[in-house]
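The basis for the numbers below is simple: all heavy atoms, side chains too, and nothing from hydrogens, waters or symmetry mates. Numbers restart at 1 for each chain; the letters A, B, ... are given by sequence-line order, proteins then strands.
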Amino acid sequence: MRPSAVKGTYDILPDDQPRWRALLRTTARVLGRAGVDEITTPVFEHREVFDKSVGESADLVVQKEMYTFEDRGGRWLTLRPEFTAGVLRAFIEHGMHTWPTPVKLWSAGPAFRAENVQRGRFRQFHQVNCELVGSASALLDAEAIALLVDTFTALGLPGVHVKVGSVGDPEDRERYNAYLREALVPQQQALSEASRERLRLNPLRILDSKDAGDQALLAPLARPLDMLAHAAREHFDAVTDTLSAWGVPFELDASIVRGLDYYRRTAFEVHHAGIGAQSALGGGGRYDGLVANLGGPDVPGIGWAFGIERVLDALEGEGVALPARERALAYLVALDQEAVAEVAQLARSLRAEHRVEHGYVARNPGKGLRDADRSGARVAVLRGSREREAGAVVVKDLRTGEQLVVALDDLAEHLRVVASEAPTADGIPTTGGGVAR
RNA sequence: GUGGAUGUAGCUCAGUCGGUUAGAGCACCGGAUUGUGGUUCCGGGGGUCGAGGGUUCAAAUCCCUUCAUCCACCCCA
């Protein structure tokens, strides 16, 4: 039996790498220009970091979706199921509350959840995460949402829907949960099994149910947004007013609920219709109180994450052009044994400027050119006894078939000229490939 | 955890009233073409038909079990 990747994991092969790089490069540019700096935190943390942050009614906990294990030192560790807790742990650990406010941090990397696999849902998946910490201003909420939208815009992704709502302050939430209990307990027999469980643990989350019966019961009821106290309502209005003023497109979602318990006030999601049953590209919200909860100073913050796989899936579905793998500018062919060492050394010097590949065995011109062609190189450079006598190489343009003898001393300059020519007809960049947005 | 679909060559897939040595396209290797590739032509290698068991004179094909993958429920990125 052939070995296989663990269920829910997969390989990102060479052909896929450029689009990942392009996405990350674009993200880094958009966020960087907004003063968001990159931070890298470990993929695992003490389990308490997540246990404290995620909340006991979150599905991550309820469904035991976290990868938690004991290491050889008897430490209990958890593979991060999301980024926020780890980033805030670093925020606390490094005293970032003393940094200029707000502290803006983004990250990218793998996250892990022991869930069942389907399209857009993996056990090891990848996220881009962004945290804006240290301000309770509605301006920060608007900026966070705008940055998420701006990133998708910069990637050239059409068809995104931004939903913005508010889960209120803890008191609002409590009041709403009590309201839901009062309204639904008498009819709980009509609820789906999952929602009856939610009714006990966290009634708010019944709003998430896709069960038609549940939704029918909910239809006449008020939404969280309808029951916000003054402070949260005012904050929410300020956020949406700002987004409108900035021209950031969004839809109000009165019943938005997020999967993690720590959210306060603003909550938002970005959806896309073309990625299967999992329509969420990303989401986030405000988490005032979470830093304190994790043992740090009581500073407010807001953050979001999007799933890289899902965004790439959406981009592909929308037919957005993404860069292909970089191909060599030149492929050096050794026509005899002596030339093998010669082309290897020649390649080394040319690599100061270009992607250059070469053969490792002597080939006849037919095989050598085939090797060069298959490497995708723009030109083949042939070296054999005839060339050696002339102190030269033969350079053949693999697209046009033109070839000429070039003195070794002139080769670097010649390749410079080739590289500066317009991209080839098939659009494959010959060097330094990739999309710059 | 539950449901559906699918497992045949490196890849994408044909192939079931059960019947000889299991096929195609692409890919790979060689030759036409030992100093000229990508096109073309010729040839070749490569399969325990996901695994195990059963029925049968005979199983890729029928039955049972099991595993895997995909999709969906649930939930989320």
Side-chain angles (χ1 to χ4, degrees), chain A residues 1-10 13 54 57-65 80-84 108-130 148 192-195 197-198 205-212 214 257-260 269-272 275-284 303-314 331 333-336 339 359 362-387 394-403 405 426:
Chain A
M1 212 171 75
R2 279 199 278 177
S4 62
V6 171
K7 186 188 188 78
T9 70
Y10 62 94
L13 298 173
V54 156
S57 69
D59 289 285
L60 281 172
V61 175
V62 176
Q63 313 285 346
K64 299 187 168 54
E65 286 173 355
R80 67 180 173 211
E82 52 116 18
F83 280 62
T84 301
F112 307 84
R113 293 184 193 173
E115 292 187 288
N116 266 330
V117 172
Q118 70 187 74
R119 181 172 178 184
R121 187 209 235 167
F122 310 90
R123 291 187 175 172
Q124 174 176 335
F125 59 104
H126 299 78
Q127 288 189 330
V128 166
N129 182 266
C130 178
L148 181 55
S192 66
E193 197 185 325
S195 288
E197 182 69 11
R198 295 191 187 105
R205 308 217 61 224
I206 297 175
L207 294 171
D208 257 351
S209 175
K210 285 179 194 157
D211 184 272
D214 291 353
V257 178
R258 306 251 53 228
L260 304 172
E269 291 175 356
V270 177
H271 290 263
H272 191 277
I275 56 172
Q278 315 304 323
S279 68
L281 294 176
W304 51 253
F306 68 79
I308 296 178
E309 288 87 350
R310 290 185 184 181
V311 171
L312 290 174
D313 190 357
Y331 183 98
V333 177
L335 296 178
D336 59 29
R363 292 290 237 172
N364 64 46
K367 289 289 188 300
L369 282 168
R370 195 162 64 126
D371 293 344
D373 185 61
R374 285 202 288 193
S375 79
R378 178 78 166 282
V379 300
V381 175
L382 308 183
R383 173 74 171 182
S385 55
R386 296 180 196 171
E387 291 74 19
V394 166
V395 178
K396 176 160 188 166
D397 187 311
L398 291 167
R399 311 265 192 260
T400 66
E402 287 175 64
Q403 74 176 48
V405 178
D426 60 5

Letter by letter from the 5' end, nucleotides 39-47 of chain B scores (B base, S sugar-phosphate only, - none; protein heavy atoms under 4.0 Å) ---------
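- Closest approach to the A/Glu387 side chain among B/rA77, B/rG35, B/rG1 is made by B/rG35 (side chain taken as heavy atoms from C-beta onward).
- Between the side chain of A/Glu65 and the base of B/rC74, no donor-acceptor pair of N or O atoms lies under 3.5 Å.
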Quick test: give all pairs of protein nitrogen or oxygen and nucleotides 4-11 of chain B nitrogen or oxygen below 3.5 Å, distance rounded to 0.1 Å.
none

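- Nucleotides B/rU48 and B/rG10 place their P atoms 7 Å apart, quoted to the nearest Å.
- Scanning for side-chain contact (heavy atoms from CB on, under 4.5 Å) contacts around A/Ala334 gives A/Ala339, A/Val340, A/Val343, with sequence neighbours left out.
- Looking at heavy atoms from C-beta onward, A/Tyr331 lies out of side-chain contact with A/Val379 at the 4.5 angstrom threshold.
- Applying the side-chain contact (heavy atoms from CB on, under 4.5 Å) test to A/Phe122 and every residue at least two apart in sequence or in another chain returns A/Tyr10, A/Phe125, A/Glu309.
- In this structure B/rU66 sits in a base pair with B/rG50, meeting the Watson-Crick or G-U test at under 3.5 Å.
- Listed candidates were B/rG38, B/rC70, B/rU36. Nearest to the side chain of A/Lys396 is B/rU36.
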Please table the atom pairs, donor to acceptor, closer than 3.5 Å between any side-chain atom in residues 365-372 of chain A and protein atoms at least two apart or in another chain.
unit_1, atom_1, unit_2, atom_2, d
A/Asp371, OD1, A/Arg363, NH2, 3.3
A/Asp371, OD2, A/Arg363, NE, 2.9
A/Asp371, OD2, A/Arg363, NH2, 3.4

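- Residue A/Gln127 places no side-chain N or O under 4.0 Å from the OP1 or OP2 atom of B/rA77.
- The partner of B/rC17 cannot be assigned: no Watson-Crick or G-U wobble pair with both contacts below 3.5 Å exists in any strand.
- For A/Gln124, the side-chain contact (heavy atoms from CB on, under 4.5 Å) partners are A/Thr9, A/Pro110, A/Phe112, A/His126, not counting sequence neighbours.
- Look at the C1' atom in both B/rA27 and B/rG44: the space between them is 14 Å, to the nearest Å.
- Backbone-only contact: A/Lys7 has heavy atoms under 4.0 Å from sugar-phosphate atoms and none from a base.
- With a 4.5 Å cut-off on side-chain heavy atoms, A/His272 and A/Arg310 do not count as touching.
- Of all nucleotides listed (B/rG37, B/rC28, B/rA77), B/rC28 comes nearest to the side chain of A/Arg374.
- When the nucleotides B/rG35, B/rU69, B/rC73 are ranked by their closest atom to the side chain of A/Asn116, B/rC73 comes out on top.
- As rounded to whole Å, 20 Å separates atom P of B/rU33 from atom CG of A/Asp373.
- Remark: B/rU2 base-pairs with B/rA72; criterion is Watson-Crick or G-U wobble with both hydrogen-bond distances under 3.5 Å.
- One C1' atom belongs to B/rA9, the other to B/rG18, and the distance between them is 24 Å to the nearest Å.
- Remark: B/rG30 base-pairs with B/rC42; criterion is Watson-Crick or G-U wobble with both hydrogen-bond distances under 3.5 Å.
- At a non-hydrogen distance threshold of 4.0 Å, A/Pro365, A/Gly366, A/Lys367, A/Leu369, A/Arg370 from residues 363-371 of chain A come into contact with RNA chain B.
- For the pair A/Arg119 and B/rU69, the criterion of a side-chain N or O lying under 4.0 Å from OP1 or OP2 is not met.
- Scored by the salt bridge (Lys or Arg N to Asp or Glu O under 4.0 Å) test, A/Glu115 finds A/Arg121 as partners (sequence neighbours excluded).
- The P atoms of B/rA60 and B/rU55 are separated by 16 Å, rounded to the nearest whole Å.
- The residue A/Arg386 sits close to a base: some heavy atom pair falls under 4.0 Å.
- Looking at heavy-atom distances under 4.0 Å, A/Gln403 makes contact with a base.
- For A/Arg383, the side-chain hydrogen bond (donor to acceptor under 3.5 Å, both in side chains) partners are A/Glu342, not counting sequence neighbours.
- In this structure, A/Ile308 reaches neither bases nor backbone, as no heavy-atom distance under 4.0 Å exists between it and the strands shown.
- Look at B/rA24: its Watson-Crick or wobble partner, with both distances under 3.5 angstrom, is B/rU12.
- Listed by chain and residue number, A/Asp336, A/Arg388 satisfy the side-chain contact (heavy atoms from CB on, under 4.5 Å) test with A/Ser385 (two or more places apart in sequence, or in another chain).
- Distance, A/Gln118 CD to B/rC71 P: 7 Å, rounded to whole Å.
- Taking atom C1' in both B/rA59 and B/rC41, one finds a spacing of 39 Å when rounded to whole Å.
- For B/rU6 and B/rA58, the C1' atoms lie 27 Å apart once the distance is rounded to whole Å.
- Residues meeting the side-chain hydrogen bond (donor to acceptor under 3.5 Å, both in side chains) test with A/Arg386, sequence neighbours left out: none.
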